[in-house]
Amino acid sequence: MRVTQMLIPTLREVPAEADTISHQLLLRAGMVRKVAAGIYTLLPLGNRVVRKIEEIVREEMDRAGGVELLLPIVQPAELWHQTGRWDVYGPEMFRLKDRHGRDFCLGPTHEELITYLFSQEVKSYRQLPLLLYQINNKYRDERRPRFGLMRGREFIMKDLYSFDKDEDGLAVSYQKMYDAYSRVFSRCGLRFRAVEADAGAIGGDHSHEFMVIADTGEAELTYCPVCDYASNVEKTPCHYQASEEKEEAGILQLVATPGARTVEDVASYLKLDPTKVLKSLFYKVDGKLIVVLVRGDRLVNEVKVLNYLNATHLEIADEREMDELGIPMGFAGPVGLRERTAVTILGDLETKDLYNAVAGANQKEYHYINVNPGRDYQVDYYGDFRVAVEGDPCPHCGTGLKVQRGIEVGHIFKLRTKYSEAMGATILDEQGKERPVIMGCYGIGVTRTMAAAVEQSHDQDGIIWPVSIAPFEVVLMAVNQRDPQLAGYAEELYHHFVGAGIDVLFDDRNERPGVKFKDADLIGYPARVVIGKKMLSDGLVEIKWRSSGEITYKKMDEVAAYLQETLSSMKS
RNA sequence: CGGGGUGUGGCGUAGUUUGGUAGCGCGCUUGGUUUGGGACCAAGAGGUCGGGAGUUCAAAUCUCCCCACCCCGACCA
């Protein structure tokens, strides 16, 4: 391919709309363009990256026994009514009506369609296991699309669904996918970690996320530097050990704390450590208000609270809702709360040992000091409700955990019979007995993986693509395209490369070398091959590697072999 | 959805406070010179100033309404 035949609109300046690195670089490198919030055009180079990722995914899905098919994007509401998700999914689903007024949606996911297909076509355990997948667009009307391709409203996803006759079969399918995912992300040249995850609203009880390690990632994860434990921080259990020493309980006292609303304010006003503060947060869970107590320096783990209460929806209470209870925001506390309201009080286990603490007095500008559990307030349920932090013990081996940030690019679930039961997807087993098929669901965000790769691998000058997913592995140019001799050698080498099967882009533009070098760095081709003065004087071609900056010279007839060898070693 | 912000040629922006009819850099076109890290000279093209309504002799600038986009939060296989 020649640059003069392509469309590669690179940008010198950073578009004002982008402040995520990957978004900026993908725009500047001429790979993507925004059409609307969260909706993007993939330009030729971006499209090539996506196709390379898809190809790796395809190969690994096939290797694991997956079979590709293609489900429709436009889906009838009827199928979603069968699982009840038409009403549950909410405003995140793009909905539309056809000319007859019938309801449809643009598929945000495809469990309904695949389960429907299965229920129509597969009847016997003898046809199992079955692993069906597709690579297709997904549509989610996110409340707030952001970070460019990272969280779009239209995006490309690979989704595979496993069908097994029993739990053992599901375990095998799940492990196959776990292994396949590890291979996919390794082959994409990414540093990643598979972590235990919360299964969330999709249901199921066993789940892993694949996180690309990047400081800019939205998710936080914990991992053990000694054993193989790793987990989304939402899921990391916090070990609780009852404290040995028990402080002498002081006298409960009301003290004025004017203007001190946050834990830090209160702690510094009273000259105390934040660990001596009892943080009381009101949440609305499935429409009901509850209170969660944690130590002042801790964060409430909302997922743990949600799971403990077996609820589906949780949000922090707003000032209006607090007002209705007559509790001033910033001064909430458990003392006397029972007498005023019927809210459920959850206490993090650590608060059991929080003696002589400071807590809001439920009146404006006042806190209590010397607050003690049992004596001054009662908790309905104690449990693990806080977010784990660096240094908390590993749940497997007790070593201090480390914390990292990551970008979720893959997620695998055991769905079991949630959808098969709802949609009557049953099979006949060996005894001729009808039973719901056991399902698993496995997703990879393809476009997000592209963005994650950039997020993880770039420098001041631009993107540094891993070889396996680079838009082209090699860019070739003459330092002066006007010089007939140099241009002639470049042309010759180009044909030679094409003949040798090298994935090469020939920058044949009549631009000054600086322009072409800058573009090459920005776009991030792994190898840059330049025909310059050394060609005329010594018959040598220059090869520069994007990732290391290393430069070597080779004779014209050696270049192709050198590139092939080095590139293939970089892929593994 | 709550809070904050921004909309001016393709990109980045000045001008808005104090109304007087739009400027700069990059990019683009043509000609010439140039060719190892985003060249130079010359001549050009390109703007309903996000949209609508209003105030005014006069609106990018003031008022009202709407829209889009961005950021924080909430939300999220």
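In terms of heavy-atom proximity, A/Glu218 sits nearest to A/Arg405 at O-NH2, 3.2 Å.
Put simply, the side chain of A/Phe192 reaches to within 4.5 Å of the side chain of A/Ser182, judged on heavy atoms.
Salt bridge annotation for A/Glu111-A/Lys418: absent, with no cationic side-chain nitrogen under 4.0 angstrom from a carboxylate oxygen. A/Glu167 has a carboxylate O that lies under 4.0 Å from a charged side-chain N of A/Arg416, or vice versa, which qualifies the two as a salt bridge.
Taking the C1' atoms as reference points, B/C76 lies 50 Å from B/A39, given to the whole Å. B/A74 and B/A53 have their C1' atoms separated by 35 Å, given to the nearest Å. A distance of about 43 Å separates the P atoms of B/G7 and B/U35, rounded to the whole Å. Comparing the C1' positions of B/G38 and B/G12 gives a spacing of 15 Å, expressed to the nearest Å. Taking atom P on both nucleotides, B/C72 is separated from B/C66 by 26 Å, rounded to a whole Å. B/G50 and B/C69 are spaced 10 Å apart, taking the C1' atom of each and rounding to whole Å. The separation of B/C62 from B/U29, taken at their P atoms, amounts to 38 Å, rounded to a whole angstrom. Atom name P, nucleotides B/U61 and B/U16: the rounded distance is 12 Å, in whole Å.
The listed nucleotides are B/G73, B/A77, B/C70; the one nearest the side chain of A/Glu111 is B/A77. Comparing B/C69, B/C75, B/A77 by their nearest atom to the side chain of A/Leu314 picks out B/C75.
Taking a pair to require two hydrogen-bonding distances under 3.5 Å in either a Watson-Crick or a G-U wobble arrangement, B/G2 pairs with B/C72. The nucleotide B/G19 finds no pairing partner, because no Watson-Crick or G-U wobble arrangement with both distances shorter than 3.5 Å includes it. Pairing for B/C40 goes to B/G32, judged as Watson-Crick or G-U wobble with the two contacts each under 3.5 Å. Nucleotide B/G7: paired with B/C67 (Watson-Crick or G-U wobble, both distances less than 3.5 Å).
Residue A/Lys138 is in base contact, counting any heavy-atom pair closer than 4.0 Å across all strands shown. When heavy atoms are screened at a 4.0 angstrom cut-off, A/Glu302 is found touching the sugar-phosphate backbone but no base atom. Nucleic acid contact for A/Ala16: sugar-phosphate only, since backbone atoms but no base atoms lie under 4.0 Å from a heavy atom of the residue.
Donor-acceptor pairing under 3.5 Å, judged by distance alone, is present between the side chain of A/Arg151 and the base of B/C76.
The stretch residues 478-489 of chain A participates, sequence neighbours left out, in no side-chain hydrogen bond (donor to acceptor under 3.5 Å, both in side chains) pair at all. Applying the ring-ring contact (aromatic ring centres under 6.0 Å, His included) test to residues at least two apart or on different chains, the pairs with a partner in residues 4-25 of chain A are A/His23-A/Tyr40. Pairs of residues two or more places apart, or lying in two chains, never qualify as salt bridge (charged side-chain N to carboxylate O under 4.0 Å, His left out) while including a residue from residues 436-445 of chain A. Here salt bridge (charged side-chain N to carboxylate O under 4.0 Å, His left out) pairs that include residues 536-552 of chain A, with residues two or more places apart or in two chains, are A/Asp459-A/Arg546, A/Arg528-A/Glu542.
Across the protein-nucleic acid pair, A/Met93 atom CE and B/A77 atom P stand 14 Å apart, rounded to whole Å. Separating the CD atom of A/Glu218 from the P atom of B/A77 is a distance of 13 Å, rounded to the nearest angstrom. Taking atom NE2 on A/His23 and atom P on B/C69, their separation rounds to 12 Å, with Å as the unit. Distance A/Glu209 CD to B/C76 P: 13 Å, rounded to the nearest Å. Regarding A/Leu27, its CG atom lies at a distance of 11 Å from the P atom of B/C70, rounded to whole Å. Per the geometry, CD1 belonging to A/Ile114 stands 15 Å off C1' belonging to B/A77, to the nearest Å.
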Each nucleotide N or O in nucleotides 22-25 of chain B that has a protein N or O under 3.5 Å away: list the pair and distance.
from	atom 1	to	atom 2	distance (Å)
B/G25	N2	A/Glu13	OE1	2.7

Contact list (N/O, under 3.5 angstrom) for nucleotides 3-8 of chain B vs protein:
none

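Residues forming a ring-ring contact (aromatic ring centres under 6.0 Å, His included) with A/Phe118 (at least two apart in sequence, or on another chain): A/Phe163. Under the ring-ring contact (aromatic ring centres under 6.0 Å, His included) criterion, A/Tyr89 pairs with A/Trp80, sequence neighbours left out. Qualifying ring-ring contact (aromatic ring centres under 6.0 Å, His included) partners for A/Phe506, counting only residues two or more places apart in sequence or in other chains: A/Tyr494. Partners of A/His208 according to the ring-ring contact (aromatic ring centres under 6.0 Å, His included) rule, which considers only residues two or more places apart in sequence or in another chain, are A/Tyr174, A/Tyr178, A/His206.
Side-chain atoms of A/Gln24 and A/Asp19 include no donor-acceptor pair closer than 3.5 Å.
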When every nucleotide of nucleotides 31-41 of chain B is labelled 5' to 3' by its protein contacts under 4.0 Å (heavy atoms), B for base, S for sugar-phosphate only, - for none, what sequence of letters results? ---BBBBBB--
Show every donor-acceptor pair shorter than 3.5 Å between a side-chain atom in residues 436-448 of chain A and any protein atom, with sequence neighbours excluded, or say none if there are none.
from	atom 1	to	atom 2	distance (Å)
A/Tyr442	OH	A/Ser162	OG	2.8
A/Thr447	OG1	A/Ile156	N	3.1
A/Arg448	NE	A/Met150	O	2.9
A/Arg448	NH1	A/Glu408	O	2.8
A/Arg448	NH2	A/Met150	O	3.2

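Between A/Arg144 and B/A74, a side-chain N or O to OP1/OP2 separation shorter than 4.0 Å is absent.
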